[in-house]
Amino acid sequence: MEFSTITTEQISNLLPRDFFCRPAELVAQDLIGCILVKKQPDGNLLSGIIVETEAYSQTEASCHGHKGKTKTNTTLFGEPGRFYIYLTYGIYHCVNIVTDKNNFASGVLLRSIELPGKDERIASGPGLLARIFQINKSHDGLPISIKSGLWVAGRPSQNMLKIVQTTRIGISKAKELPWRWYLQKSRSISKRAKGDRCPKK
DNA sequence: GGTAGGATTACG
DNA sequence: GTAATCCTACCT
């Protein structure tokens, strides 16, 4: 999938807070095709199309909030519509969006983003994505807003997107849940998994 | 103070 | 497929 340039108008189309006040597995699939925008330290805006997501919820064992609050996962239990950033493997940051409701740990992991006009691989994978957007623990708890300098805009068009639903990867528990979604035509997703299929209509 | 286990990536 | 890498949570 090749995306053309993202316009100023498109990145101004901030998703409303209510969008995130829903179960993670609904938000995750609706985020495919949306735009992540960040104001970089140099003042320039960086934006890209979200092409791969995963949902997590405290009801299942692979979620960081499954065993309750800790020092590092507190944001996940808080207000929907904020970023939850954590360090994984001691090296890589992962970018999540808190969903659903207060005092209920759930969120969507952004796994891959395509930057129009740039190499498809540079933001394909959660760790690489965070690196390109220069997102780290200092952004944990930040609200999704234009004022915060980090936000999500709605899908640029009403074009039909072919979204594939499959199982999550890189986890050892609750592997059976089909809570991963990606754009079928995108070559910049992080990995393939067995049993990939299109969601039923 | 010590250790096991990662929501990963890069390379063969 | 497997190794590198190092922080966090939890246990002693």
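In what follows, every chain begins at residue 1, and chains take the letters A, B, ... in the order their sequences are listed.
With ring centers used as reference points, H64(A) lies 6.0 Å or more from Y56(A).
Protein atom CG of L110(A) is 13 Å distant from nucleotide atom P of dT8(B), rounded to whole Å. For the pair L177(A) CG and dA7(B) C1', the computed distance is 13 Å after rounding to whole Å. Counting to the nearest Å, the P atom of dT8(C) and the CD1 atom of I91(A) are 13 Å from each other. Nucleotide dA7(B) holds its C1' atom 9 Å from the OH atom of Y84(A), rounded to whole Å. Between the OH atom of Y89(A) and the P atom of dC6(C) there is a distance of 15 Å, rounded to whole Å. Separating the NZ atom of K175(A) from the C1' atom of dG6(B) is a distance of 13 Å, rounded to the nearest angstrom. Atom C1' of nucleotide dT8(C) and atom CD1 of I85(A) are separated by 17 Å, given to the nearest angstrom.
By the 5.5 angstrom centroid cut-off and the 30-degree plane limit, Y56(A) is classified as stacked against the base of dA7(B).
Residue T72(A) places none of its side-chain N or O atoms closer than 4.0 Å to OP1 or OP2 of dC7(C). The side chain of R111(A) places an N or O atom within less than 4.0 Å of a non-bridging phosphate oxygen (OP1 or OP2) of dT8(B).
Side chain of L87(A), nearest nucleotide from dC7(C), dC6(C), dT9(B): dC7(C). Of the candidates dT9(B), dA9(C), dG6(B), the closest approach to any side-chain atom of K71(A) belongs to dA9(C). Counting only heavy atoms from C-beta on, L128(A) has its side chain closest to dA10(B) among dA10(B), dC6(C), dA7(B). When each of dT9(B), dA7(B), dA9(C) is scored by its nearest atom to the side-chain atoms of Y92(A), the top-ranked nucleotide is dT9(B).
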**Item:** Base-pairing string, 5' to 3', of DNA chain C - Watson-Crick or wobble, under 3.5 Å, | interstrand
**Value:** ||||.||||||.
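Taken from OG in S112(A) to CD1 in I32(A), the straight-line distance is 9.0 Å, to the nearest 0.5 Å. To the nearest 0.5 Å, atoms CD (Q58(A)) and CG (N103(A)) are separated by 9.0 Å.
Under the 3.5 Å distance criterion, with hydrogens and angles disregarded, no donor-acceptor pair is assigned to the side chains of T7(A) and E9(A). At a cut-off of 3.5 Å, with distance as the only test, a side-chain donor of S62(A) or R168(A) sits close to an acceptor on the other residue.
Scored by the side chain to side chain donor-acceptor pair (under 3.5 Å) test, D119(A) finds R121(A) as partners (sequence neighbours excluded).
Put simply, the side chain of D100(A) never gets that close to the backbone of S106(A): no donor and acceptor are under 3.5 Å apart.
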Each nucleotide N or O in nucleotides 10-12 of chain C that has a protein N or O under 3.5 Å away: list the pair and distance.
none

Which side-chain N or O atoms in residues 16-23 of chain A pair as donor and acceptor under 3.5 Å with protein atoms at least two apart or in another chain?
| unit_1 | atom_1 | unit_2 | atom_2 | d |
| --- | --- | --- | --- | --- |
| R17(A) | NH1 | E79(A) | OE1 | 3.1 |
| R17(A) | NH1 | P80(A) | O | 3.1 |
| R22(A) | NE | F19(A) | O | 2.9 |
| R22(A) | NH1 | D30(A) | OD2 | 2.8 |
| R22(A) | NH2 | F19(A) | O | 3.3 |
| R22(A) | NH2 | D30(A) | OD2 | 3.0 |

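Using a 4.0 Å heavy-atom cutoff across all strands shown, L109(A) reaches at least one base atom of the nucleic acid.
For K137(A), the NZ atom counts as densely surrounded, since its 6.0 Å shell holds more than 12 non-hydrogen atoms of other residues, nucleotides or ligands.
Here the closest heavy-atom approach between residue G68(A) and residue N73(A) is recorded as O-ND2, 3.1 Å.
Side-chain to base pairing of Y86(A) with dA7(B): one donor and one acceptor N or O lie within less than 3.5 Å of each other.
Residue L87(A) shares its hydrophobic cluster (ILVMFWY side chains chained together at separations under 4.5 Å) with no other residue.
Residues of residues 129-140 of chain A having a heavy atom closer than 4.0 Å to DNA chain B: none are found.
For R111(A) and E54(A), the salt-bridge test passes: some basic side-chain N is under 4.0 Å from an acidic carboxylate O.
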